[in-house]
Q: 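Structure incoming, see below.
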Amino acid sequence: MSGERYNPREMEPKWQQVWADAKSFVTSNDDPREPYYVLEMFPYPSGRIHMGHVRNYSMGDVVARYYRAKGRNVLHPMGWDAFGLPAENAAIERKTHPGTWTRQNIEAMKAQLQSMGLSIDWTREIATCEPEYYQHQQSMFIDMMEAGLVTRKQSKVNWDPVDMTVLANEQVIDGRGWRSGALVEQRDLTQWFFKISDMAEELLEGLDGLTEWPEKVRTMQRNWIGKSQGLAFEFGLKGAPAGFDTLPVYTTRADTMRGPTFAAIAADHPLARALGEGNPAIAEFNAQCMRMGTSEAAIEQAEKLGYDTGIKVTHPADPSWELPLFIANFVLMDYGTGAVIGCPAHDQRDLDFARKYDLPVIDVFKPLDSDEPVGDTAFVPLKTQKVRYVQWFGEPGAEITCQEAMDQTLALFEKNGWGKAQAQYRLRDWGVSRQRYWGCPIPVIHCEVCGTIPVPKKNLPVVLPEDVTFDKPGNALDHHPTWKHVNCPQCGASARRETDTMDTFVDSSWYFARFTAPHAETPTEPTVADHWLPVDQYIGGVEHAILHLLYSRYFTRAMKATGHIGIDEPFKGLFTQGMVTHETYKSPKGDWVAPVDVLLETIGEDRKAKHLQSGEPITIGSVEKMSKSKKNVVDPDEIVATYGADTARWFMLSDSPPERDVQWTEAGVEGASRFQQRVWRLVGETIELIQQSADTAREAADQEAQALRKSVHRAVHNVASDIEGLRFNRAVAQIYELTNALVRSAGLVAASPATRIAALEEGVGSLVQLIAPMMPHLAETCWSALGKPGLVADAAWPEVDPALLVDDEITLPIQVNGKRRAEIVVSKGLAAAEVEQRVLSLDEIARILDGKPVKKIVVVPDRIVNVVV
RNA sequence: GCGGGCGUGGUGGAAUGGUAGACACACCGGACUUAAAAUCCGGAGGGAGUAUUCCCGUGCGGGUUCGAGUCCCGCCGCCCGCACCA
């Protein structure tokens, strides 16, 4: 067998079948071993898996298989985030029902995932589009309504006035509807909300406990929640319509209250609307402000526009101080009170606005070392920076930090009754209404007599009708001829079903809990959920750093409040992996060319490309995230067919740090494939050596054997800690090093089999176990060839002998003035004084010192020596 | 625009504030072969030198430190998120 190449196409399906037959990865809730829950973000069933999935699921599988080897009862499930817009788009484009399209996609993708050899418990598979799943979501929605966690209120949507439909943000391109091309308008709709802002403080505080989350994700969530401490006050109004006596405002910069030169309100502020009613010019300006998408990025990047209302606001500290009131397109009604003070000197946006409308600029404070007034760049120092206050409510000329000035101003305003200190959050309530068919129906009935009432739980699920058409734009559920007509469950009068469906973020906010009891008749089995949760290790893309993860944290608390779960935080450990990128290629005509159609040649250091079929020269472009539009995608199916799943998995784990982007290259895959063969050859060679030395004593060992055992145990130790720390690329590097040592050692065994064969045999056995989480099929094949009992998937992680991890001699680098000049070998823990003496007696050091006096010697024990002259 | 991140040889990258470039890919040389592939052995950040060796070097500019890829300040470039894509 030693001469044969390893054939993944033959072995991979074989082992997949063996694992399936043995139910190797089916997890029992009753298993007494310590539980470990590893979860990768479940995929949207787009039809085919992509390399990003391969990377994500390879990482999760390493973790799952590793902890299984460490004796944990591992839960590693998989499901489908199956509701959402693309299914409706497909329905329009291909005339297939969203359900049919989605279920076909799930079948296809499941087969692809299975060909990867993932250690997934498929008996727990769920799809969010099935009533078996979403009925529980409806039932929890009702529980949450009854617990006061849900509300209905007005909120803005993107409205396409031609298609007469609501658009998602991604369907708005440059302010226009993607199909109609019409200018999009903001329109108010009454919608359903989860009151997440009530929980802002708790969600913020909870972040401190998430110590196994990346710091950047916690920072992003903190900023998203956006707690600020500021001043709430009221401007007086002069010349405003009846009923508008004061204008409530909130500012985070109380220290600048001597600096405002204007005030501004949002175009949909009640005052702006009232003004518009009596003034066509204002009405037109307001309408113009509403003619853009609802996305914050679009609003903030739009040109700053204002309209001077002619109304004056009066300052709370001095009613004789009047400022003009503008309506401005960059003021958001959703944040604070929908009104702002404009302090141009210390806010760039306000400064741009002031310059454009020729408003005065008042410097409130200046840098300590300058008296220059603000020009075209606002002076916005850190709150902890000391500045000199020239125009404020405290001591003139005070040199203090902005924070100190804010605190003093807040105290003064509170004392004089001019305003009050207030905490404010940026976080808005979670709007869950979607005017779409392919989502979980909101289980509510609108009755003219009884009002808006939940569907009685005995009538759940509210199932989506199958017979829908997509021949006109808009909500197919709303267009259905009969579905929405029901009798009121309370009074029996004819009533109307809610035709909004839920945001798909709701579906993904509790699936991790459903996996713990996927067939339960209630949303969860609370004791089982609490047994498994929180998820020990959650793995997915950074793009979910805020919304999905914050909503899941909220929903878990809401589930706790309604008795479905006993925990607050769903994910104990979080890991965000980077994207998969690839070079881009362009033809002479400028069209994108797919990698499969490109032939790459390397001549010396030059890389050239030409078209595989036509032979025309191809330009190699930048490395970018794989996307269909740039055609720089590689199909996992083709990779698995050519190289096998293990190679694809190995390559995705090697080289690049998992949190960073990884570049897919043909050369890299081939390298991974060669390594697979190298391991297989090593195993074959080892088996031959074992057979030849069958009669020799196995316990003997010489120095070579001892050195090998050290590398083996060190590798086992390091790979384990690298996997636990999710440093897969370093684990791979350790395995490469061990393999190199084993190959070298195999060559030496022939010279002295009696003393070395045992060490080699042990080392190769350990190597197979180290690669098992990453290349499980190859590992099983080697394991069985080596004659080991059972499956490597069931084998316990190899034990490490701690005595083999310590070195008694250390190579100490010696620096002179921070530059490395020599090194000495010392015994571990040698006293600093002795090290100093030995260093100074070195010829190289004496030569470099050249008689100059030594100022000081820094000795870091067992690490480094620095001689300062 | 706002928030977050990243930047190290030809390439992917390694490096608790302590020998910059581990490990791998690509490349070059050698062995094996009729030959090629595969495999095995060796070389290699850049520059100078036969060589001992020396100088330069972690996007750019400053700073802290005995010592900075790592910490601080200011730039530049790229990427992600911005609440109805998932």
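These numbers come from the heavy atoms of this one structure, side chains and all, not from hydrogens, waters or symmetry mates. Labels below follow one simple rule: chain letters A, B, ... track the order of the sequence lines, proteins then strands, and each chain is numbered from 1.
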Q: So which nucleotide does U53(B) pair with, by the Watson-Crick or G-U wobble rule with both distances under 3.5 Å?
A: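 Paired with A48(B).
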Q: Closest heavy-atom contact between Ser228(A) and Tyr335(A)?
A: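 Smallest interatomic distance, heavy atoms only, reads OG-OH, 3.9 Å.
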Q: Check the distance between U19(B)'s C1' and Ile810(A)'s CD1 and give it to me in whole angstrom.
A: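 It is 14 Å, rounded to the nearest whole Å.
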Q: For the P atoms, the ones on A26(B) and on C41(B), what distance do you get once it is rounded to whole angstrom?
A: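 Here A26(B) and C41(B) have their P atoms 16 Å from each other.
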Q: Under a 4.0 Å threshold between the charged nitrogen and the carboxylate oxygen, would Glu296(A) count as salt-bridged to Arg426(A)?
A: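 Yes.
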Q: Would Phe575(A) and Tyr538(A) satisfy ring pair (Phe, Tyr, Trp, His ring centres under 6.0 Å), going step by step from the backbone distance to the final call?
A: CA-CA 6 Å; Phe575(A) 189 83; Tyr538(A) 194 39; over 10 Å; no
Q: Run Met109(A) and Met78(A) through side chain to side chain contact (heavy atoms under 4.5 Å, CB included) and show every step you take.
A: CA-CA 11 Å; Met109(A) 288 175 74; Met78(A) 182 58 71; over 6 Å; no
Q: I'd like to compare against my own output: the B/S/- annotation of nucleotides 75-86 of chain B with a strict under-4.0 Å heavy-atom distance to protein.
A: ----SSSBBBSB
Q: Taking C75(B) as the reference, what is the distance to G5(B) when you measure between their P atoms (whole Å, please)?
A: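 The answer is 16 Å between these two P atoms.
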Q: Atom CD of Glu215(A) to atom P of C71(B): distance rounded to whole Å?
A: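 Whole-Å distance recorded here is 13 Å.
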Q: Measure from the side-chain N and O atoms of His53(A) to the backbone N and O of His50(A), and report whether any donor-acceptor pair falls under 3.5 Å.
A: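 Such a contact is found between His53(A) side chain and His50(A) backbone.
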Q: Establish, yes or no, whether a centroid distance under 6.0 Å links the rings of Trp430(A) and Phe505(A).
A: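 So the answer is no for these two rings.
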Q: Taking the side chain of Arg678(A) as its heavy atoms from C-beta onward, which of G7(B), C40(B), G1(B) lies nearest to it?
A: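 Nearest nucleotide to the side chain: C40(B).
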Q: Compare the minimum distances between each of A14(B), G18(B), C2(B) and the side chain of Pro657(A), then state the nucleotide with the smallest one.
A: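 My answer, after comparing the listed nucleotides, is A14(B).
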Q: Only pairs with both distances under 3.5 Å count, Watson-Crick or wobble alike; so what is the partner of A24(B) in this structure?
A: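 Because both required distances fall under 3.5 Å, A24(B) counts as paired with U11(B).
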Q: At less than 4.0 Å, is any side-chain N or O atom of Asn740(A) found next to OP1 or OP2 of A24(B)? Yes or no.
A: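 Yes, Asn740(A) has a side-chain N/O under 4.0 Å of OP1/OP2 on A24(B).
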Q: In whole angstrom, what separates Gln577(A)'s CD from G5(B)'s C1'?
A: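 Rounded to whole Å, this separation is 15 Å.
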Q: Out of Trp510(A), Tyr511(A), Tyr57(A), which residue meets the ring-ring contact (aromatic ring centres under 6.0 Å, His included) rule with Phe42(A)?
A: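 In the set Trp510(A), Tyr511(A), Tyr57(A), the residue that makes a ring-ring contact (aromatic ring centres under 6.0 Å, His included) with Phe42(A) is Tyr511(A).
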Q: Between Arg218(A) and G4(B), does any side-chain N or O lie under 4.0 Å from OP1 or OP2?
A: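 No.
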Q: Would you call Arg222(A)-Glu215(A) a salt bridge at under 4.0 Å N-O?
A: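 Between Glu215(A) and Arg222(A) there is a salt bridge, with a charged N closer than 4.0 Å to a carboxylate O.
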Q: Tell me: CD of Glu666(A) to C1' of U11(B), nearest whole Å?
A: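 Whole-Å distance recorded here is 15 Å.
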Q: Taking only the C1' atom of each, what is the distance from A24(B) to G17(B) in whole angstrom?
A: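 Those two atoms are separated by 28 Å.
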Q: When the C1' atoms of G63(B) and U70(B) are compared, how many Å lie between them, rounded to an integer?
A: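 After rounding to an integer number of Å, I get 15 Å for this pair.
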Q: Say we look at G1(B) and C23(B): how far apart would their P atoms be, to the nearest angstrom?
A: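 Straight-line distance between the two P atoms is 44 Å.
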Q: Could you tell me which nucleotide pairs with U39(B) by Watson-Crick or G-U wobble geometry, both distances under 3.5 Å, or answer none if nothing does?
A: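 By the stated definition (distances under 3.5 Å), A31(B) pairs with U39(B).
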Q: Mind checking if Gln815(A) touches a base, just sugar-phosphate, or nothing, with heavy atoms under 4.0 Å?
A: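 Counting heavy atoms under 4.0 Å across all strands, the contact made by Gln815(A) includes a base.
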Q: So does Glu40(A) pair up with Arg55(A), basic N to acidic O under 4.0 Å?
A: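 Result for this pair is no, no salt bridge flagged.
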Q: Would you mind calling G9(B) syn or anti? Take O4'-C1'-N9-C4 for purines or O4'-C1'-N1-C2 for pyrimidines, and syn is within 90° of 0.
A: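 You should classify G9(B) as syn.
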Q: For the base of G3(B), is there a side-chain donor-acceptor partner from Asn223(A) under 3.5 Å away?
A: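 Counting by modelled atom types and ignoring angles, no donor-acceptor contact under 3.5 Å is found here.
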Q: How far does the P atom of G12(B) sit from the matching atom of C79(B), given to the nearest Å?
A: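 It comes out at 16 Å once rounded to the nearest Å.
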Q: Considering only atom C1', compute the distance from C78(B) to G67(B) and round it to an integer number of Å.
A: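 31 Å, rounded to whole Å.
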Q: Taking the same atom, C1', in U19(B) and in U11(B), what whole-Å distance lies between them?
A: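 U19(B) and U11(B) have their C1' atoms separated by 24 Å.
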Q: Let me know, please, whether Val662(A) or Arg820(A) comes out on the 5' side of the other along RNA chain B by nearest nucleotide.
A: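 Looking at the nearest nucleotide for each, Val662(A) comes out on the 5' side.
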Q: Pairing check on C2(B): which nucleotide meets the Watson-Crick or G-U wobble criteria with it, both distances under 3.5 Å?
A: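 Base-paired to G81(B).
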Q: Is the closest basic N to carboxylate O distance between Glu823(A) and Arg820(A) below 4.0 Å?
A: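 Yes.
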Q: Return the value, rounded to whole Å, for the distance between atom CD of Gln677(A) and atom C1' of C40(B).
A: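 So the CD-C1' distance, Gln677(A) to C40(B), works out to 16 Å.
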Q: Look at the side chain of Arg674(A) and decide which nucleotide, out of C23(B), C25(B), C66(B), has an atom nearest to it.
A: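 Looking only at side-chain atoms, Arg674(A) lies closest to C25(B).
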Q: Rounded to whole angstrom units, what separation is found between the CD1 atom of Ile225(A) and the P atom of G3(B)?
A: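 Spelled out: CD1 on Ile225(A) to P on G3(B) is 17 Å.
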Q: Looking at Asp429(A) and Lys153(A), is any side-chain nitrogen of the basic one under 4.0 Å from a carboxylate oxygen of the acidic one?
A: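 Looking at Lys153(A) and Asp429(A), the cut-off is met.
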Q: Ignoring hydrogens and geometry, is there a side-chain-to-backbone donor-acceptor pair from Asp500(A) to Gln191(A) under 3.5 Å?
A: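 Flag not set: sc Asp500(A) to bb Gln191(A) has no pair under 3.5 Å.
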Q: Looking for any heavy atom pair under 4.0 Å, which part of the strands does Asn729(A) touch: base, sugar-phosphate only, or nothing?
A: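 Sugar-phosphate contact only - Asn729(A) comes under 4.0 Å of backbone atoms but never of a base.
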Q: Report each atom pair, protein N/O against N/O of nucleotides 53-56 of chain B, whose distance is under 3.5 angstrom.
A:
from   : atom 1 : to        : atom 2 : distance (Å)
C54(B) : OP1    : Arg821(A) : NH1    : 3.3
C56(B) : OP2    : Lys819(A) : NZ     : 3.0

Q: Output yes when at least one side-chain N/O atom of Arg222(A) is less than 4.0 Å from OP1 or OP2 of G3(B), else no.
A: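 For G3(B), neither OP1 nor OP2 has a side-chain N or O of Arg222(A) closer than 4.0 Å.
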Q: Output the rounded distance in Å from CD (Gln663(A)) to C1' (G12(B)).
A: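 After rounding, the reported distance stands at 8 Å.
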Q: Rounded off to whole Å, could you give me the CD-to-C1' distance for the Glu836(A) and C66(B) pair?
A: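 Rounded to the whole Å, the gap is 13 Å.
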Q: Does U19(B) have a Watson-Crick or wobble partner in any strand here, with both distances under 3.5 angstrom, and which is it?
A: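 Looking at the geometry, U19(B) pairs with no nucleotide.
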